[in-house]
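Order of listing sets the numbers, starting from 1, for every ligand and every atom in it.
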Amino acid sequence: MRVALFALGGTISVAGGTPRLTGEQITAQVPGLDGLGAHIDVQDVRAVPSSGLTFTDVLDVVAAASRAVAEGAAGAVVTQGTDTLEETAFLADLVWPHAEPLVLTGAMRNTSLAGADGPANVLAAVRVAIAPEARGLGALVAFNDQVHAARRVRKTHSTSTATFRSPDTGPLGHVVEDRVRILTVPPRHEPLPYRPDPQRLAANRVAVYTAVLDDDGTLVDDLARGRQGLVVAGFGVGHVAGALAPRLGALADRIPVVLTSRTGGGSVLRDTYRSPGSETDLLSRGLIDGGMLDPWKARVLLRLLLAGGAGRDVIAAAFAVRG
Ligand code: GLU
């Protein structure tokens, strides 16, 4: 049995000084990995903090992992920094076309610290990658012996090794000793057919505007200038101050504007409140319902769609299914 492992840097590659650990060095530090009966094909792709990763990096890894799976790998593992992992995992999930698991992981404590969690996370990720129970679940995040759906998972704490949580669903399952226990199987959507090239990605940028108390709203226009899409991280169920609603409506005439919640859990609403700046007001002005996607994941989906050439109707339909 083979597993393809792609190393992209992050805390899991930090040893307290420079240079960073390679993928081979990361896997060599994992007690018990040899005993899993899986040959790990390691590829070093990037060696960067995850804030430096790009959509193209992720799509290139997905393409390489796809090739590995097509050539017989049981699954694929990606090691990277945790800071952007909730976004990279979701991007990978949107386009991952295989039943074989694509499992992302990393570490919160680097290898020079007591209780470094990278080795345990790699072991769990490989266990998930080869587990028959994890097939058909898309891209997964294995961390702290939990298994999370890429679509639901968020980084919720700046330092805790239990930082990854799925506020709306909880984890899909757990790694218990040598077993992968999947307790919940989420609905799976068709993979998006978009494989935009770097130029099309570069030409399609999406900004996130976060609603804040007593904002005069001028930032909205500045943010959207030169952008092809905007995500609004609204208050609560998808609200902004009333004075901002006409500004957002005017923008929605020009570019796709997706409405989400800044709260970190739950959905925006569609038909409950009627004040200026409420969800019904904003949707009637042409904003697109982001559903249960948080602002960061909505931005990933919107940018992928735009870079794939989707127009407003296709974008709204995609959010209706995936939001
Ligand atoms: N937590 C950081 C990340 O997400 C690690 C920074 C580093 O690798 O230097 O990548």
**OP:** Just jot down the ligand 1 atoms closer than 4.0 angstrom to any heavy atom of Gly10, in number order.
**Re:** 8 (O), 10 (O)
Subject >> Polar side-chain atom of Ser13 near backbone of Arg20 as donor-acceptor pair, under 3.5 Å >> reply: no
Original post:
Arg285 and Asp281: salt bridge (Lys or Arg N to Asp or Glu O under 4.0 Å), yes or no, with the steps?
Top reply: CA-CA 6 Å; Arg285 292 173 189 271; Asp281 181 31; 2.9 Å; yes
Original post:
Taking N or O atoms only and a 3.5 Å limit, does Lys155 qualify as a polar contact for ligand 1?
Top reply: no
Original post:
Are Phe319 and Val314 co-members of a hydrophobic cluster defined by side-chain heavy atoms under 4.5 Å apart?
Top reply: yes
Original post:
Does Asp222 come within less than 4.0 Å of Arg225, counting only side-chain N to carboxylate O?
Top reply: yes
**OP:** For Thr11, take its heavy atoms, then give the atoms of ligand 1 lying under 4.0 Å from any of them.
**Re:** 1 (N), 2 (C), 5 (C), 8 (O)
Subject >> Within 6.0 angstrom of Arg179 CZ, more than 12 heavy atoms from elsewhere >> reply: no
Original post:
Can a salt bridge be assigned to the pair Asp271 and Arg274 using a cut-off of 4.0 Å between side-chain N and carboxylate O?
Top reply: yes
Original post:
So which heavy atom in the protein is nearest atom 10 (O) of ligand 1, and how far is it from that ligand atom?
Top reply: Ser50 N, 2.6 Å
Subject >> Heteroatom proximity flag, Thr84 to ligand 1, N/O under 3.5 Å >> reply: no
Original post:
Looking at atom 2 (C) of ligand 1, what's its closest protein heavy atom, distance included?
Top reply: Asp83 OD2, 3.4 Å
Original post:
Looking at atom 6 (C) of ligand 1, what's its closest protein heavy atom, distance included?
Top reply: Pro49 CB, 3.7 Å
**OP:** Could you tell me whether Arg20 and ligand 1 have an N or O pair separated by under 3.5 Å?
**Re:** yes
